[in-house]
Protein chains: 2
Amino acid sequence: MTELEKGPTGRRRGRGARERILSASQQLFREQGINRTGMNELCAAAEVSKRTAYQHFTGKDELVAEYLRRFDPSVLSGVFDRTDLTPRERLLAAFDIPPTTPLCPYIGAAVELNDPQHPASQYAREYKKAVAARLADTAREAGAADPEQLGEQLALLIDGAAARSRVLNTDAFPTAAAIAAVLIDNAIPATAGDDRQREEASS
Amino acid sequence: MTELEKGPTGRRRGRGARERILSASQQLFREQGINRTGMNELCAAAEVSKRTAYQHFTGKDELVAEYLRRFDPSVLSGVFDRTDLTPRERLLAAFDIPPTTPLCPYIGAAVELNDPQHPASQYAREYKKAVAARLADTAREAGAADPEQLGEQLALLIDGAAARSRVLNTDAFPTAAAIAAVLIDNAIPATAGDDRQREEASS
DNA sequence: TGCTATGTACACCGCCCTGTGTGCTTACAG
DNA sequence: CTGTAAGCACACAGGGCGGTGTACATAGCA
């Protein structure tokens, strides 16, 4: 999406089938899940010949891994890079995921693939660790006493909200945000150099 | 498992194929997931003829729903019924799920089936609500200011720990328990009639 | 203009899946 | 002992799946 993608050789000939394949993956894998989306269907949606798809990806497994790697982490990086917010606000903003996101695709992939060795599962693990690390960094910036712990806790809240939203078909992120607010206030010493306005989450 | 199961007619003839089928479901669906477990494999594991299986269940969907309905909620009821613990201890004990449980099967089913209308998905929703309700009851018993909110929050923590454990292949329940302790202490007024020993979770 | 990488169209393979049809055997109650 | 419900063995239908083979079309650079 961000930039016109080059083929495997890097010469960028043809008409960008690879991009269309990955774009269709984003939509279909998320809407229907990985296992319920066949390669035929995916290629039809991408308006790409099946043969072409298998010239770009050795198999569905590789495509799935690339799909996760390419997943636009709009929520993630979009929040952490905002300089208009204090660190504490950034931590809370991570829970503002309004209507979209049927389920964090990393959780979905881990469940559907059911194989920790699968490249996609490995990447999902890396991603989750990376999110926790960025949360920990921001927590440190916000002056948390134990930033690593707070980062891990907030990451768990995000995953909990995602999973619970999926099962119950409702938005659980407000609940998670309320918990996050409590944890953040508990973890940041009162003398931290941050604007500590106290906001109660009353639903 | 609890009681010898009767066939569809209730006469209990034969040699209890239905029980073996459900028992095998418990094992295989949990170990391998639902979609990755074929009926052939399942029947072989249950030492049951495929024909017999389809005489007990109209289809795999019905079997899956019954598998969830029959899932031994040892953690759930086992914890809530313990009278040797104070309400507060019972809330915390819900996070003592030591080694087992690859993933809460309800989350797994919701992800794998990807259909909110599926009977199993509907039951998963009911179950999750029931857990939150029992947590809320216990929270009320423990004297929480807003027991419904605390129940929902603790339920979210459990789901978060389950999901995160699955993706990262590590045990996230201690982290969730630490958060729970904070929430519980924050939600229960200091004057609540409960033993309030302060326990810090330092990992 | 031609060369080559890229993409196309579509039939096809082998596999595994859910689910059935059929005829036979066994357990158990009366 | 006998009738009947329960279970069994096994082949097979029908379909979707991931993936391939083949012959052909096109885009873009030299």
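Atoms considered below: every heavy atom in the structure, side chains included; atoms not considered: hydrogens, waters and symmetry mates. Order of the sequence lines sets the chain letters (A, B, ...), proteins ahead of strands, with each chain counted from 1.
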(Q) Distance check needed: C:dC17 P versus B:Asn35 CG, whole Å only. (A) 11 Å
Q) If you look at every strand shown and take non-hydrogen atoms under 4.0 Å, does B:Thr58 touch a base, only sugar-phosphate, or nothing? A) nothing
Q: Write down the distance between CD (A:Glu112) and P (D:dC17), rounded to a whole number of angstrom.
A: 14 Å
Q) Do you know the tightest heavy-atom contact between B:Ala172 and A:Leu156? A) O-CD1, 3.6 Å
Q: Would you tell me whether B:Thr37 and B:Gln32 have side-chain atoms, one donor and one acceptor, within less than 3.5 Å of each other?
A: yes
(Q) Using the side-chain heavy atoms of B:Met39, tell me which of these nucleotides is nearest: C:dA9, C:dT18, D:dG7. (A) C:dT18
Q) Under 6.0 Å between the ring centres of B:Tyr106 and B:Phe71? A) yes
Q: Write down the atom of B:Cys43, the atom of B:Ser49, and the distance for their closest heavy-atom approach.
A: SG-O, 4.4 Å
Q.
Tell me if the side-chain of A:Arg51 makes a donor-acceptor pair with the base of C:dG7, cut-off 3.5 Å, by modelled atom types.
A. no
Q | Minimum-distance nucleotide to B:His56 side chain [options: D:dC8, D:dG7, C:dA9] | A | D:dG7
Q) Counting side-chain heavy atoms from C-beta on, which of C:dG19, D:dC8, C:dT8 comes nearest to A:Thr52? A) C:dT8
Q. With a 4.0 Å cut-off on heavy atoms, is B:Glu41 in touch with a base, just the backbone sugar-phosphate, or nothing at all?
A. nothing
Q: Among D:dG7, C:dG7, C:dG19, find the nucleotide with the atom closest to the side chain of A:Ala17.
A: C:dG7
Q) Checking only heavy atoms, does the side chain of B:Lys50 share a donor-acceptor pair with the base of C:dG19 at less than 3.5 Å? A) yes
